[in-house]
Enquirer: 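This is the structure I have questions about; it appears just below.
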2 protein chains.
Amino acid sequence: MPTPDRTSLEAIVQAGRDILESAGVAGLTMQAVADRVGVRAPSLYKRVRDRADLLRLITDATVHDLGERLAAVGAGTDPRRDLADLARALRAFAHDRPKGYQLVFTPSSDPGGLSAETLGRAVAPVMRVAAELAGEHHALDAARTITAWANGFISMELAGAFQLGGDIDEAYEFGIVRITEALSGRPRN
Amino acid sequence: MPTPDRTSLEAIVQAGRDILESAGVAGLTMQAVADRVGVRAPSLYKRVRDRADLLRLITDATVHDLGERLAAVGAGTDPRRDLADLARALRAFAHDRPKGYQLVFTPSSDPGGLSAETLGRAVAPVMRVAAELAGEHHALDAARTITAWANGFISMELAGAFQLGGDIDEAYEFGIVRITEALSGRPRN
DNA sequence: GTCTATATTTCGATAGAC
DNA sequence: GTCTATCGAAATATAGAC
């Protein structure tokens, strides 16, 4: 009788995500993952080709979660409000999983082979809002402006780049308001 | 008679910057730097405490160069034009030195101890334009919106995150126009 | 200041028994 | 599928002669 399974691919990926958050990408070693799931390191290679494969799986799972979070924001009646909600949801996600967020948006090496479907699902809500705000013709440019600003803000925040004081939450809300107006072309109150 | 100097701190830092661009931060090993400057690896430790110290020196030199580039843009009569010029200069710098740019704006580990003076000089032009456009009261928030957008755009571009087609240069120009309007509150033509 | 030699450590990955 | 044992490859950093 063969040895019964003592772990699973799911458990390995989840352990990897946990370790990523607690020890960073450098601390995400096969040994650490093995310890956490309760097997010896060589056993991991029965379910994962190599470390790069594991990193890809973790990235994919993270993008999937992000997609669900953004989809959960849903489409309301006001695209301006939707954009604000999406922006806040993105930032909240980044605060929950800073290392995972960085892995997705600032990959040190090309993760290559990310699920296009998963990726598309995550981007869709932003594209929709961008089209509603700026018009179909400018949808892509608008989406890129939104994404660039939000991701740039969050990345710098996570990196501790905002060192001149001031309220970071307020700065983010300021950006939401101004970006929204700039894309919709509506005047401020 | 002691052995004459066969290298210098300057040469070491410059070699490090070159290697960073050609081989990435992971390829920036003491061995690689030593090979390039023409000494044996242990000799580097006479001028650099350790690898982290070298990374800090490289980062500092990169920020210094960026500061000079942005300062060279200068202040014209139209802050809107100045902002556009600064944004383009930042992107051009990133294209020239992508790895160095990422090292500065997306540090994998806290470089700690960056020269505050060097950093301030790089940020100053943006702060000035932000204040002129959005007013002193909103200067910091506006500067953060500008920086977040530009850095986010460039970071995603360098990471190859813009995969839905379209013209990237045009998307950047689109962002410049809209962000400028958003901060100045002036209507589009 | 530069060198040779080497200590240390760490990590990814494989071989082969059970 | 899991294990023990181990290989192999890096890379940082130090010791001590010259």
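So that the names make sense, note that chain A is the first sequence line, chain B the second, and so on, each numbered from 1. In what follows, every heavy atom counts, from backbone to side chain, and hydrogens, waters and symmetry copies are set aside.
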Enquirer: If the condition is side chain to side chain donor-acceptor pair (under 3.5 Å), which residues does Asp65(A) pass it with, not counting sequence neighbours?
Expert: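 For Asp65(A) the side chain to side chain donor-acceptor pair (under 3.5 Å) partners, ignoring immediate neighbours, are Arg17(A), Arg97(A).
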Enquirer: Can any side-chain N or O of Thr147(A) pair as donor or acceptor with the backbone N or O of Arg144(A) at less than 3.5 Å?
Expert: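 Here the side-chain-to-backbone pair does not exist.
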Enquirer: Name all residues meeting the side chain to side chain donor-acceptor pair (under 3.5 Å) criterion together with Asp5(B); count only those two or more places apart in sequence or in a different chain, and write none if there are none.
Expert: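 For Asp5(B) the side chain to side chain donor-acceptor pair (under 3.5 Å) partners, ignoring immediate neighbours, are Arg47(B).
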Enquirer: Are the side chain of Arg178(A) and the backbone of Ala182(B) linked by a donor-acceptor contact shorter than 3.5 Å?
Expert: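 Side chain of Arg178(A) to backbone of Ala182(B), a donor-acceptor pair under 3.5 Å: yes, one is there.
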Enquirer: Among all residues two or more places apart in sequence or in another chain, which pass the side-chain contact (heavy atoms from CB on, under 4.5 Å) test with Ser155(A)?
Expert: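 Residues passing side-chain contact (heavy atoms from CB on, under 4.5 Å) with Ser155(A): Tyr101(A), Thr106(A), Asn151(A).
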Enquirer: For Glu10(B), does the CD atom have more than 12 heavy-atom neighbours from other residues, nucleotides or ligands under 6.0 Å away?
Expert: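 Counting other residues, nucleotides and ligands, CD of Glu10(B) stays at 12 neighbours or fewer.
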Enquirer: I need the full list of salt bridge (Lys or Arg N to Asp or Glu O under 4.0 Å) pairs touching residues 157-173 of chain A, with sequence neighbours left out, sorted by first then second residue.
Expert: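 The answer is Arg88(A)-Glu173(A), Arg91(A)-Glu157(A), Arg91(A)-Asp169(A).
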Enquirer: Which nucleotide of DNA chain C is the first, and which the last, in the 5' to 3' direction, to come under 4.0 Å of a heavy atom belonging to chain A?
Expert: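 Counting from the 5' end, contacts occupy dC11(C) to dT14(C).
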Enquirer: Return the angle between end axes of the helix from dG1(C)-dC18(D) to dC18(C)-dG1(D), with five pairs used per end and rounding to 10°.
Expert: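 End axes: 10° apart.
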Enquirer: Could you list the residues that satisfy ring-ring contact (aromatic ring centres under 6.0 Å, His included) with Tyr172(B), not counting sequence neighbours?
Expert: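 Residues passing ring-ring contact (aromatic ring centres under 6.0 Å, His included) with Tyr172(B): Trp149(B), Phe153(B).
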Enquirer: If the condition is side chain to side chain donor-acceptor pair (under 3.5 Å), which residues does Thr29(A) pass it with, not counting sequence neighbours?
Expert: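 Partners of Thr29(A) by the side chain to side chain donor-acceptor pair (under 3.5 Å) criterion come out as none, since no residue qualifies.
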Enquirer: Enumerate the protein-to-nucleotides 8-12 of chain D contacts in which both atoms are nitrogen or oxygen and the separation is below 3.5 Å.
Expert:
unit_1  : atom_1 : unit_2   : atom_2 : d
dT12(D) : OP1    : Arg51(B) : NE     : 3.2
dT12(D) : OP2    : Met30(B) : N      : 3.2

Enquirer: Identify every side-chain donor-acceptor pair in residues 117-138 of chain B under 3.5 Å, counting partners at least two apart or on other chains, and give the distances.
Expert:
unit_1    : atom_1 : unit_2    : atom_2 : d
Thr118(B) : OG1    : Ser115(B) : OG     : 2.8
Arg128(B) : NH1    : Glu132(B) : OE2    : 3.2

Enquirer: Identify each atom pair where a protein N or O and an N or O of nucleotides 5-7 of chain D are less than 3.5 Å apart, giving names and distance.
Expert:
none

Enquirer: How many angstroms lie between OG in Ser108(B) and CG in Leu103(B), if you round to the nearest 0.5 Å?
Expert: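 CG of Leu103(B) is found 6.5 Å from OG of Ser108(B).
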Enquirer: Restricting to pairs with a member in residues 19-42 of chain B, which pass salt bridge (Lys or Arg N to Asp or Glu O under 4.0 Å), not counting sequence neighbours?
Expert: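 Every salt bridge (Lys or Arg N to Asp or Glu O under 4.0 Å) pair that includes a residue of residues 19-42 of chain B, provided the two are not neighbours, is Asp18(B)-Arg36(B).
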Enquirer: So which one's nearest nucleotide on DNA chain D is more toward 5', Ala52(B) or Lys46(B)?
Expert: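 Its nucleotide being nearer the 5' end, the pick is Ala52(B).
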